[in-house]
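Since the structure is predicted, the reported quantities are computational estimates derived from the model, not experimental observations. Below, chains carry the letters A, B, ... as their sequence lines are ordered, and counting in each starts from 1.
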Amino acid sequence: MNRPPRVRFAPSPTGRLHIGGARTALFNWAFARRHGGAFVLRIEDTDFERSTREFERAILDGLAWLGIRWDEGPDVGGPHAPYRQSERLARHVELAGNLRSKGLAYACFCSSERLEALREQQARDKSRQAYDRTCALLSSEQVQARHAAGEKSVLRFKVPSGSTTIQDRVRGEVHFEHADVDDWVMLRSDGLPTYNFVVVCDDIDMRITHVIRGEEHLINTPKQVLLYTALGGTPPEFAHLPLMLGTDGKKLSKRTGDTSLEDYQSQGYPPAAVANFLCLQGWALDGSREIFTLEQLVANFALEDVSKGGAIFDLDKFRWLAGEYVRQETVPELAKHCAPHVIAAGLASASELEQRHAWFEQVVACERERIHTYAELPGRIAWLFCTDQDLAFDAKALEAARKHAQAPQTLREYATWLTATLASSPSKDELRTAMKAWVAARGLKLPALFQPLRLAITGQAGGLDLVDAMELLGHEQSLARIELGARRLAG
RNA sequence: GGUCCCAUCGUCUAGCCCGGCCUAGGACACCAGGUUUUCAUCCUGGCGACAGGGGUUCAAAUCCCCUUGGGAUCACCA
């Protein structure tokens with residue numbers, strides 16, 4: 001590679017950013033950075049029906065959220081503007097006209113009914129699925145006459161005889177016989193160009209050197225290589241990434257799970273964890289280090305190291321990885337990231353959290369090793385925000401507490417003892433030690449107090465240290481819950 | 001069905017290109033144990049794979065062929 005590479009990510013703004021698309025973008029970006037090249041963002045908005053500016057904005061935001069920056073794009077401009085395909089229409093039509101006048105493309109008047117019948121016939125014959133070139137045989141006079149008569153036509157690319165071999169950077173050599181390649185449609189009957197056509201026009205005009213995309217495009221590649229040559233361009237290098245698969249082993253779709261980046265964003269996955277995990281689907285740093293930064297990705301990324309086989313989206317591992325990132329954060333950072341989810345869950349308002357900022361950070365510090373994503377926090381700490389009467393008792397926690405026949409009595413006596421002990425303002429460690437001594441002095445095992453107490457305070461079966469829990473809740477309210485818990489257990 | 005791609009533990013993968021260091025390494029999940037007031041974190045250990053068959057070679061997870069299995073794609077959608 002003698003010149004700095006230019007790569008592009010070309011999403012279609014007809015929906016949210018697909019998680020597989022996000023990975024494609026990430027690998028393109030990493031490749032560009034690795035080799036000091038440019039990463040171009042181009043919006044493929046030629047589907048006027050479904051494309052919206054809102055989706056475009058969301059896609060850009062999603063990429064930025066992941067930590068990807070682009071050198072050229074619709075928002076930042078660049079030397080090959082415009083970066084929205086719809087704004088390049090005139091150029092596409094011009095190039096299509098050139099090919100037609102050179103005899104490299106031809107008008108086709110076949111009706112969709114005839115085409116469909118042809119396809120059915122070919123399916124029955126178990127033969128090649130392609131246009132039969134009926135209209136390629138029309139003389140220029142015939143074509144002109146039919147145009148003049150007002151007949152609708154599409155423009156088809158005339159695939160020459162021969163074969164094409166591409167050197168795919170992840171797959172190696174891939175060979176196609178032109179006899180198997182269809183005379184595909186370049187211009188629709190309404191005069192608008194198709195994807196296979198514009199993508200090549202724009203890649204040539206934008207001087208794209210490496211096309212890195214999903215494997216579903218591999219089969220389109222010979223069509224595009226042929227078009228490069230026809231347009232007088234040099235084909236770029238290609239790299240076809242393995243597909244991201246659902247648990248059913250098929251291309252990841254909404255059927256088998258959440259597919260958009262925003263789904264994971266709203267579920268509170270740290271962005272660095274998402275980027276890291278996406279890398280792991282099809283690429284490995286060295287086979288032993290699972291957790292790494294984007295800088296390490298850039299420093300080590302090579303297309304040749306990308307896996308060829310599809311990767312089933314491993315949600316368990318993703319969640320584990322998110323937890324690793326959560327625990328890497330400092331408490332103030334984590335509190336800041338969790339706060340929106342606590343607010344969204346309706347536990348507290350933004351101003352309430354702001355007022356109790358130091359307290360909230362303590363809460364986060366106590367729960368940080370139990371959550372994997374930011375959004376898991378509210379469910380774990382709801383007991384701190386509800387009224388004593390509304391505290392729900394978890395079935396397992398209740399069962400555990402009920403195993404101790406004397407639980408109500410133990411709780412009441414403990415409350416009395418606690419009230420007296422608190423008077424001397426013990427430290428948390430002193431209180432912990434004293435509590436255990438108190439239980440032992442009564443000839444009880446520790447769970448005889450701790451299980452009913454945990455139920456009374458938090459309503460949950462497991463969780464944070466109980467001395468921490470009571471302090472976070474406040475001793476006065478804790479005593480009230482102990483009394484209430486004793487009554488509920490006795491009843 | 002045509003064309004194309006792929007094939008290492010249940011999952012993500014290292015090793016393959018440049019055969020021997022592989023009685024195949026790591027991670028997630030799972031199981032067992034330790035720590036803990038419980039849960040979680042953390043620590044220790046365990047389970048667990050080269051799809052099958054032929055070659056080539058002194059030697060094959062690694063190279064070649066076949067079979068089988070899986071996937072992608074076959075639009076006037078991108």
Side-chain angles (χ1 to χ4, degrees), chain A residues 10-12 14 44-47 49-51 85 108 110 112 115-116 119 122-130 152-156 168 170-172 174-177 179-182 184-196 198-199 214-222 240 242-243 245 247 249-251 277 280-291 304-305 307-321 323 327 367-372 380 396-397 400 432 435-436 439 445-451 453-454 458 460-467:
Chain A
S12 178
T14 54
E44 312 237 325
D45 59 348
T46 48
D47 184 339
E49 298 286 307
R50 298 188 300 148
S51 296
Q85 228 157 32
C108 171
C110 292
S112 51
L115 260 18
E116 195 168 325
R119 276 192 286 271
Q122 289 169 339
R124 270 197 301 277
D125 297 347
K126 298 181 177 180
S127 65
R128 186 179 97 109
Q129 294 278 304
K152 287 274 186 190
S153 71
V154 300
L155 189 65
R156 285 184 186 274
D168 190 281
V170 351
R171 270 146 231 285
V174 185
H175 183 84
F176 297 90
E177 289 294 332
D180 295 320
V181 180
D182 197 7
W184 50 283
V185 173
M186 288 167 39
L187 246 38
R188 295 186 262 255
S189 55
D190 59 7
L192 293 174
T194 61
Y195 164 77
N196 275 129
V198 292
V199 75
E215 192 197 320
E216 70 266 31
H217 290 286
L218 183 54
I219 207 137
N220 278 329
T221 308
H240 288 92
L243 261 16
L245 276 19
T247 43
K250 297 188 198 306
K251 202 160 108 174
F277 177 71
L280 254 19
Q281 298 275 300
W283 186 78
L285 181 58
D286 57 14
S288 64
R289 282 177 293 172
E290 312 285 328
I291 299 172
E304 288 73 13
D305 293 337
S307 304
K308 297 187 188 74
I312 293 174
F313 194 81
D314 190 349
L315 196 56
D316 278 331
K317 191 162 181 173
F318 190 12
R319 194 163 166 272
W320 162 78
L321 192 62
R327 264 167 262 118
E367 284 294 343
R368 63 187 310 201
E369 66 262 6
R370 263 168 294 269
I371 60 172
H372 299 83
R380 294 214 55 85
K396 270 171 71 181
R432 272 183 203 108
M435 274 172 71
K436 288 174 191 171
V439 175
K445 301 268 191 201
L446 290 176
L449 170 66
F450 284 103
Q451 289 186 332
L453 183 58
R454 181 174 296 284
T458 72
Q460 295 176 359
L464 76 178
D465 175 89
L466 276 174
V467 172

Out of [options], whichever nucleotide has its closest atom nearest the side chain of [X]:
X	options	value
A:Lys251	B:U41, B:C76, B:U73	B:U73
A:Asp314	B:C4, B:C12, B:C39	B:C12
A:Glu215	B:G71, B:A78, B:U13	B:G71
A:Trp320	B:C6, B:C76, B:A29	B:A29
A:Ile219	B:U73, B:U11, B:A27	B:U73
A:Arg327	B:G71, B:C42, B:U73	B:C42
A:Leu218	B:A78, B:C5, B:C28	B:C5
A:Ala284	B:G1, B:C6, B:A14	B:A14
A:Glu44	B:U73, B:A27, B:A78	B:A78

Under a 3.5 Å cut-off for both distances, is [N] Watson-Crick or wobble paired, and to whom?
N	result
B:G1	B:C74
B:A61	none
B:U36	none
B:G46	B:C30

Query raised in the report: Has the side chain of A:Asp168 got a donor or acceptor atom that lies under 3.5 Å from a matching backbone atom of A:His240?
Result: yes

Query raised in the report: With a 4.5 Å heavy-atom cut-off, do A:Asp314 and A:Gln281 have their side chains touching?
Result: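 Answer yes - side chains close enough.
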
Query - Close side-chain approach of A:His175 to A:Pro222, heavy-atom, < 4.5 Å - result: no

Report task. Could you pick out which residue, A:Ser307 or A:Val174, lies toward the 5' side of RNA chain B when each is mapped onto its nearest nucleotide? Result ->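 Taking each residue's closest nucleotide, the earlier one in sequence belongs to A:Val174.
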
Query raised in the report: With nearest nucleotides of RNA chain B determined for A:Gln85 and A:Phe176 from heavy-atom distances, which residue corresponds to the more 5′ nucleotide?
Result: A:Phe176

Query raised in the report: Quick one: is A:Lys250 getting a side-chain N or O under 4.0 Å of the B:G71 phosphate, OP1 or OP2?
Result: yes

Query raised in the report: Between A:Arg119 and B:A75, does any side-chain N or O lie under 4.0 Å from OP1 or OP2?
Result: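 For B:A75, OP1/OP2 do have a side-chain N/O of A:Arg119 under 4.0 Å.
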
Query raised in the report: When we call it a touch if two heavy atoms are under 4.0 Å apart, what does A:Gly172 touch: a base, just sugar-phosphate, or nothing?
Result: nothing

Query raised in the report: A:Asn220 has an atom CG; how far is it from atom C1' of B:U73, in whole Å?
Result: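 Taking atom C1' of B:U73 as the reference, CG of A:Asn220 is at 8 Å.
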
Requested in this report: Compute whether any side-chain donor of one residue and acceptor of the other, for A:Ser288 and A:Asp286, lie under 3.5 angstrom apart.
Outcome: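 Per modelled atom types, A:Ser288 and A:Asp286 side chains form a pair under 3.5 Å.
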
Requested in this report: Evaluate the side chain to side chain contact (heavy atoms under 4.5 Å, CB included) criterion for residues A:Leu192 and A:Thr46: first the C-alpha distance (whole Å), next the side-chain angles of each, then the deciding distance (0.1 Å), finally the verdict.
Outcome: CA-CA 9 Å; A:Leu192 293 174; A:Thr46 48; over 6 Å; no

